[in-house]
Amino acid sequence: MTIKVLAIDDSRTIRSLVRKVMEDAGFHCVCAEDGVEGVNRFAEESPDIVITDINMPNMDGFGVINTIRGGTTNRMVPILVLTTESADHLKAKAREAGATGWIVKPFDDDTIVSLVRRVTGARG
Amino acid sequence: MSTLNSIRDTFFEECEDLMADLADGLAKMQSGTTDPETVNAVFRAVHSVKGGAGAFNLTELVAFSHQFETVLDELRADRLKLQPELMFTLLRSADHLSVLIEAARDGVDVDTAVTQNSASALRVWLKPDSDTPAAPTSAAESFSFAPVTVDFAAFEPVVDLPSAPAITYYHIFFQPTATLFSNGHEPALLFADLARLGTLSSVIDLGDLPAWEEFDTTVPFIKWTLKLASTAAVDQVRAVFEFVDGLCKLDISTSSDPIAELSHPIETPPPAPQPSSLREAAVAPPAPIAEKPSAAAKPTLASSQMADQHGPKPTLRVELDRVDRLINAVGELIINQAMIAQRVNELPVTTDTEVVTYVEDYRLLARDIQEAVMAIRAQPVKPLFQRMSRIVREAADATGKSAQLLAFGEEIEVDKTVIERLADPLTHMIRNAVDHGLESPEDRIKAGKEACGTIRLSAAHRSGRVIISIKDDGAGLNRPKILKIAKEKGLIPQDADLVEADIDSLLFQPGFSTAQKVSNLSGRGVGLDVVRTAVMALGGRVAISSVPGQGTEFTISLPLTLAVMDGMVVSVRGQTMIAPISSIVETIRPSTSEVHNVGPSSKYLSIRGEFIPIVDVASSLGIAPTTTPSEPPLLLLVESENQSQCALIVDEVHDQRQVVIKGLEHNYRSVQGVSAATVLGNGQIALILDLDAIAFQRIPPEMPTEPSLLSHGG
C-alpha cells in the first residue's frame, strides 16, 4: 500500500521540496496551499499522514489540526508540523493542539522520510 | 539534481512574489493600515523567504530574514509600536532582503558589512533580552541555522561504533493516555522504533481492563512493561518518546547487569486473559479510524471554502516557451485566416453564401483565440512599479534629497516582455527624476513646496496602448540651460531658435547630459537617448513635457502586445504597407483648397481652423516617386503623445485587418520609419510603418536633412 501524504504549506518552495522528498521515498503526495485548502483536500483525499506548516494565510496549522482532530473522519491521522523554530514551547503548543510530531525546517530528506515511516508504520 | 534545481528556481520565483507581497504590506502599513492581517502577511512573506532559504543553505539570507522576521514578530505581538523610524527600517530591510535574494540567485556575494549594518538597524528595535540569548554581534551569529537539528536520528538503526560499546539494559514502563491516540500516535509504532535500537521484549498489563459492561472505548486501559537490550544511549531511548512526552506515563530505568534483567524473562502471561479481539480494540484508537470521507463531513468544509472566495484566483504556472509556441501558432493561424479570407473574396461568389459567413466566423474566432493567448502573456505592472519605490529611496539617499513615490494603475497589464525590457529604462528615468527633477529640500522649502518631493508613476490604457507616466513635482526643465548646453556641445547651431518642444527633445539626443556634476546615479554616460532607444525597440515612444517650477513629466506609450496589431493596409507608390491603426486619428481626402504650399517643399493642411504639416510617406522612406501622388492627396491624420498632429500622404487605403508582427531586426536589420513587417493574406510581405517616427521624429529643421531614411537605417 502506498502511503498518501498531504503536504500543506503556503510556500511553493517547501511544497515542492516535501513533494519531491516524499515521491523519491515512494510515497504519494498531494499538496495544499493554505489551511482551508488543506482541510478540503484532507476530506477529499483521506491521506495517511498530514504534514502542515503553522504560519499560513486563511487558516493556520493549528486550525488545520483542530479541524482534523475535531472532525469525524480519519481524525486520528498522524499530523506532522513543519516549524522553523525548535523552541520547546512551540513543540508543546503543537502537541497540545494535537500534532503527532514536528519537523524542524530546514529538514533533510532522510529525517523527514524516516519520520513519516515512523508515525505511519510504513516499511522502508 | 535537476528536480532540486527546478525547486531552487521555484524558490526564487516564489521570492519575487513574496517580495511583492512584502512591498504591498509595507506600503499599506506606511499608509496607516496596521491591522493584524496586514502585519501578519508581511511577517509571513519574510518567514517564507527564510524557510525556503534554509532549504538551500543560503545562510546569509536565512540570518538576515530571521532578524527581519524577529522585528516583525515583535510588531505582530504588539510589543513594538509602528513609528516612522521603524517603518523606515522595515522598508530598508525589505530593500536589503531583495538584494540578498538576487545575490543568492545569481551566486554573487553581498558585502557583509552592508548586511551587518542592515541587521544592526533591525536589532535596534529589539530589547536586549528578547530574541537571542547570546547577545550576538552580528545577524549571522545571532541565528545559526545549523545543518538541521536531527530530532529523530536516534531512530535509525544504530551504526557500529569503533569500539564495541557496552550494552545497556533498559526497563521501560509505558502507559498511554487517550490524548496519545487522538494525537495520531500508535504504541506499536513506538515499540517498533525501540526494537530498532536493540532487542526488545514486552509485557502487556491488562489488569485495569474493566468488565465488558463498563468498557469505555475512549479510555485506554493498557500498560506496558518493556525490556530493551541496546547499545544506544539513554537519550536515544528517550528520544523515541519525544513526541509523546506528556501524553503517557513513562518511566525509563537502566541496568548494566544482563542477568538481573534477562534472567526474568517477562513472558508472564497477562493475569486476566481477554478475547484477543477485545484486546485489540482497547489498544486501537478509541474511535473509528481511516473512514472514507463521509457526506456528513463535507458541508462544514464546503462552507469554509465559501469563505475563501475572496482569496486569490487559482493560477497555473506555465513555462514561457510553451506560451510562446502557442503565440507563434496563433500568429500563423491569423495569417492563414487572412489567406483563406482573401481566396474566398476572389471566388466568384456573392457575399451571402455560407462560405463567406463561415470565413467571417473563422476570423472572429481567430481573433478571440489571439486575444485570449495574449492575455496569458499579460502581467500587471505592479511588481515593476514596486521595485521603483526602492529605486526612489536609493536615489534620494544618494543625492541627499527627500522623495516619495506614488504609484497609480498598478493593475494595468502589459506583455511580459514589455515589462521586462521596461525595467531598465524606467529605473533610469526614475533616478533621473530624483536626481535632476527634484530640487534639494532647502530649495523646495524656499519655493514654497514640501521638503519631500513626489514622483508619480502611473499606468493607464489609452486607445489600444499603455501609457506609463513618470511625473515629478520638481523645478521643471531649465530650457535656457538645455539650449546653452546643446549649443556648447554642438548638437545645434549657435543661432538656432527652437520652440519649447524641440528644446525638450534635445534631452533625447545622444550624449546630452545637463547634470552639473556627474553623480553616481544618473550620470553614467548614458542619457535619455538610451531610454528612448529601449522604448522604441518595444514599439513605444517617449514624450516629455514640463512646466517651470511645477515639474516634468515623461510619458512612455507602448503597444499592448508585441505580436499582433490592427493595421490599415495602404499603398505608397505601388508598395503595400501597413499603418498601425492605433496611431491614426482619421483619414482625410481634403479638397484642393485645404492644402497649402509653404515654400517649395512644405505643405500644410488647413482643416477646422488648424494648420497641420503634411509629410509624404514615400519621400520620408526614400522611395522614388514612380508615380505622382494623386491630387488632392489621401491623408492619414496622426497624433503624437503631446497632441501635436501631422498628416501623412499615402496613395490608397485598402483594408483594415489584424496583422502578425514579424520583427525586422532579427531577419534583416532595423530600418528607420519602419517598425516591423508582416505577411499578408496573399503571401506578400508588407512593411509596418512607424508613423510616429515618420511624422514627428524628423531630424530638427536646423540639421542637414538626410535625403533618405531607408539608406541610413540600421
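Numbers restart at 1 for each chain; the letters A, B, ... are given by sequence-line order, proteins then strands.
- Around atom NZ of K4(A), more than 12 heavy atoms belonging to other residues, nucleotides or ligands sit under 6.0 Å away.
- Between F181(B) and M76(A), the closest heavy-atom pair is O-SD, 3.3 Å.
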| request: In sequence, state the C-alpha distance, the side-chain angles, and the governing distance for R12(A) and D17(B), and then conclude on side-chain contact (heavy atoms from CB on, under 4.5 Å). | output: CA-CA 10 Å; R12(A) 206 157 65 234; D17(B) 296 351; 3.5 Å; yes
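- Distance check: R69(A) CZ to T179(B) OG1 gives 11.0 Å after rounding to the nearest 0.5 Å.
- Contact annotation for D24(A): neither backbone nor side-chain heavy atoms come within less than 4.5 Å of a heavy atom of chain B.
- Between G98(A) and N183(B), the closest heavy-atom pair is CA-OD1, 2.8 Å.
- Within a 6.0 Å sphere centred on CD of E13(B), heavy atoms belonging to other residues, nucleotides or ligands number more than 12.
- In terms of modelled atom types and a separation under 3.5 Å, the side chain of H47(B) and the main chain of N55(A) share no donor-acceptor contact.
- Contacts of A192(B) with chain A are absent, with no heavy-atom separation under 4.5 Å from either backbone or side chain.
- Using a 4.5 Å cut-off between heavy atoms, R95(A) touches chain B through backbone and side chain atoms alike.
- In this structure the side chain of I14(A) never reaches within 4.5 angstrom of the side chain of F11(B), judged on heavy atoms.
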Show me, pair by pair, the donor-acceptor contacts under 3.5 angstrom made by side chains of residues 35-45 of chain B, not counting sequence neighbours?
from	atom 1	to	atom 2	distance (Å)
D35(B)	OD1	T38(B)	OG1	2.6
D35(B)	OD2	E37(B)	N	3.3
D35(B)	OD2	T38(B)	N	3.3
D35(B)	OD2	T38(B)	OG1	3.3
E37(B)	OE2	R44(B)	NH2	3.1
N40(B)	OD1	R76(B)	NH1	3.0

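- Side-chain contact between R118(A) and D193(B) is present, with at least one heavy-atom pair separated by less than 4.5 Å.
- Of the listed residues (T10(B), L247(B), V49(B)), the greatest number of heavy-atom pairs within a distance under 4.5 Å of chain A belongs to T10(B).
- S48(B) and D10(A) make their closest contact through OG-OD2, 3.9 Å (heavy atoms, listed as atom of the first residue, atom of the second, distance).
- With sequence neighbours excluded, the residues that form a side-chain hydrogen bond (donor to acceptor under 3.5 Å, both in side chains) with T13(A) are E14(B).
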